[in-house]
A.B. asks: 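Just dropping this structure here.
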Amino acid sequence: METTYKRLIAGNRAWVERKLKADPQHFDKLAHSQSPEVFWIGCSDSRVPANEITDTQSGEIFVHRNIANVVDHTDMNVLSVLDYAVQVLHVKHVIVCGHYHCGGIRAALGNNHYGLIDNWLRNIKDVYRLHQQELDAIKDADQREDRLTELNVIESVFNVCKTSTVQNAWNQGKSLHVHGWVYDVAKGHIKDLGVNVRDNSDLGDIYKFDF
Ligand code: CO
């Protein structure tokens, strides 16, 4: 355990040296401010690091991660990070990125009792209920899990769009696109689910705000 801990510090030192060798001003530039164009909402899974899988650098992606990339409108954490990303950082894109082989999705599909997390996973069970007809028609268990992973991303995309923060930004004429992606941990590829929301026209009337 101690070795793991020390390895991380040593890794940090080596990384700083490599960065400075490539660009002596690297950290000076980052120290002043950040202006990422992308806000990423992903899963906490250790196999899905936003910068690494998109081959991007520090400063390029503002990140929020939780178990199974859920966007719950009562979660002050995700709402606060989203609000800061949109209103202060003026990001151009919000990306919800789920991933296949997600432990959270698998747990939500089952009936095991895990503890506190059961309440969090209920958000995903609700996604299942909303799409039960489609999901129950898929006989293969792995395919059904993959589809729930995709539908959970799409619901999170629309949960982002339903927020007052995002609708307010659109009303102010800001260019803000919300996307849904799924990362395949077995292949390394990102799949764009083709949901690309840029205004509130696709929201049900009940969710639209009058400004
Ligand atoms: Co996951």
Side-chain angles (χ1 to χ4, degrees), residues 1 4 8 38-54 61-82 85 93-163 166 178-197 202-204 206-207:
M1 198 171 81
T4 304
L8 299 187
V38 174
F39 173 40
W40 175 280
I41 300 173
C43 183
S44 299
D45 193 302
S46 61
R47 298 165 296 177
V48 196
N51 281 123
E52 190 175 339
I53 67 173
T54 56
I61 305 184
F62 197 60
V63 173
H64 174 85
R65 291 168 72 180
N66 63 42
I67 289 174
N69 38 271
V70 166
V71 176
D72 176 339
H73 67 283
T74 65
D75 177 10
M76 282 299 290
N77 190 344
V78 70
L79 294 179
S80 301
V81 188
L82 174 67
H93 302 274
V94 178
I95 296 166
V96 177
C97 186
H99 68 104
Y100 298 123
H101 306 286
C102 180
I105 298 288
R106 192 162 296 170
L109 270 170
N111 297 99
N112 285 345
H113 162 57
Y114 294 97
L116 180 66
I117 195 178
D118 299 336
N119 303 287
W120 184 255
L121 296 177
R122 225 193 65 197
N123 286 295
I124 305 166
K125 289 181 183 286
D126 289 343
V127 174
Y128 193 105
R129 178 169 52 82
L130 283 170
H131 300 276
Q132 187 152 8
Q133 216 173 4
E134 176 186 348
L135 288 164
D136 284 351
I138 303 171
K139 293 303 164 211
D140 182 79
D142 290 338
Q143 284 178 15
R144 190 161 59 239
E145 182 183 302
D146 287 352
R147 186 57 185 153
L148 179 59
T149 299
E150 296 171 358
L151 291 169
N152 182 55
V153 166
I154 293 167
E155 289 297 331
S156 285
V157 163
F158 281 99
N159 285 341
V160 167
C161 299
K162 289 169 191 168
T163 61
V166 168
V178 188
H179 313 265
W181 290 358
V182 180
Y183 174 70
D184 186 346
V185 292
K187 296 209 170 64
H189 291 133
I190 287 169
K191 177 179 173 184
D192 188 337
L193 293 177
V195 276
N196 176 12
V197 190
D202 286 338
L203 298 182
I206 195 75
Y207 296 110

A.B. asks: Of all heavy-atom pairs between I67 and G104, which one has the smallest distance, and what is that distance?
C.D. replies: CG2-CA, 4.2 Å
A.B. asks: Under the side-chain contact (heavy atoms from CB on, under 4.5 Å) criterion, do V182 and Y100 qualify, and how do the steps go?
C.D. replies: CA-CA 7 Å; V182 180; Y100 298 123; 3.5 Å; yes
A.B. asks: Could you check whether any side-chain heavy atom of V153 comes within less than 4.5 Å of a side-chain heavy atom of W181, counting everything from C-beta outward?
C.D. replies: no
A.B. asks: To the nearest 0.5 Å, how far apart are CZ in R129 and CZ in R122?
C.D. replies: 8.5 Å
A.B. asks: Has S156 got a side-chain atom pairing as donor or acceptor with N69's backbone, closer than 3.5 angstrom?
C.D. replies: yes
A.B. asks: Which heavy atom of N152 sits nearest to which heavy atom of I105, and what is that distance?
C.D. replies: ND2-CD1, 3.8 Å
A.B. asks: Could you pull out the closest heavy-atom pair between V81 and V63, with the gap in Å?
C.D. replies: CG1-O, 4.4 Å
A.B. asks: With sequence neighbours left out, what residues match H189 under side chain to side chain donor-acceptor pair (under 3.5 Å)?
C.D. replies: none
A.B. asks: Output yes when a side-chain donor or acceptor of D118 lies under 3.5 Å from a complementary backbone atom of Y114, and no otherwise.
C.D. replies: yes
A.B. asks: Among all residues two or more places apart in sequence or in another chain, which pass the side chain to side chain donor-acceptor pair (under 3.5 Å) test with Q132?
C.D. replies: D136
A.B. asks: What's the spacing between L121 CG and D126 CG if we round to 0.5 Å?
C.D. replies: 11.0 Å
A.B. asks: When you look at T54 and I190, which way does the side-chain contact (heavy atoms from CB on, under 4.5 Å) test go after all the steps?
C.D. replies: CA-CA 9 Å; T54 56; I190 287 169; 4.0 Å; yes
A.B. asks: Identify, with sequence neighbours excluded, every residue that meets ring-ring contact (aromatic ring centres under 6.0 Å, His included) alongside H93.
C.D. replies: H177, H179
A.B. asks: Could you grab the distance from atom OG1 of T163 to atom CG of L82, nearest 0.5 Å is fine?
C.D. replies: 5.0 Å
A.B. asks: Quick check: does any side chain N or O of D202 sit under 3.5 Å from a backbone N or O of V197, one acting as donor and the other as acceptor?
C.D. replies: no
A.B. asks: Indicate the atoms forming the closest heavy-atom contact of D75 with H64, along with that distance.
C.D. replies: OD2-NE2, 4.4 Å
A.B. asks: List for me each residue that meets salt bridge (charged side-chain N to carboxylate O under 4.0 Å, His left out) alongside D45, sequence neighbours excluded, and say none if there are none.
C.D. replies: R47
A.B. asks: F39 vs F62 aromatic rings, parallel, tilted or perpendicular, using cut-offs 30° and 60°?
C.D. replies: tilted
A.B. asks: Could you state the interatomic distance from CG (N123) to CG (N66), rounded to the nearest 0.5 Å?
C.D. replies: 9.0 Å
A.B. asks: Once you round to the nearest 0.5 Å, how far does CD1 of I124 lie from CZ of R106?
C.D. replies: 12.5 Å
A.B. asks: Suppose we screen for side chain to side chain donor-acceptor pair (under 3.5 Å). Which residues come up paired with E134, at least two apart in sequence or across chains?
C.D. replies: R147
A.B. asks: Which heavy atom of K125 sits nearest a heavy atom of A108, and at what distance?
C.D. replies: NZ-O, 2.9 Å
A.B. asks: Of all heavy-atom pairs between H99 and T149, which one has the smallest distance, and what is that distance?
C.D. replies: O-CG2, 3.3 Å
A.B. asks: CG/D72 to CG/N77 distance, rounded to the nearest 0.5 angstrom?
C.D. replies: 11.0 Å
A.B. asks: Taking only residues at least two apart or on different chains, which pairs with a member in residues 184-195 satisfy salt bridge (charged side-chain N to carboxylate O under 4.0 Å, His left out)?
C.D. replies: E150-K191
A.B. asks: L151 vs L135, test: side-chain contact (heavy atoms from CB on, under 4.5 Å). Steps then yes/no.
C.D. replies: CA-CA 10 Å; L151 291 169; L135 288 164; 4.0 Å; yes
A.B. asks: Using distance alone, with no hydrogens and no angle criterion, decide if H73 and N159 have a side-chain donor and acceptor under 3.5 Å apart.
C.D. replies: no
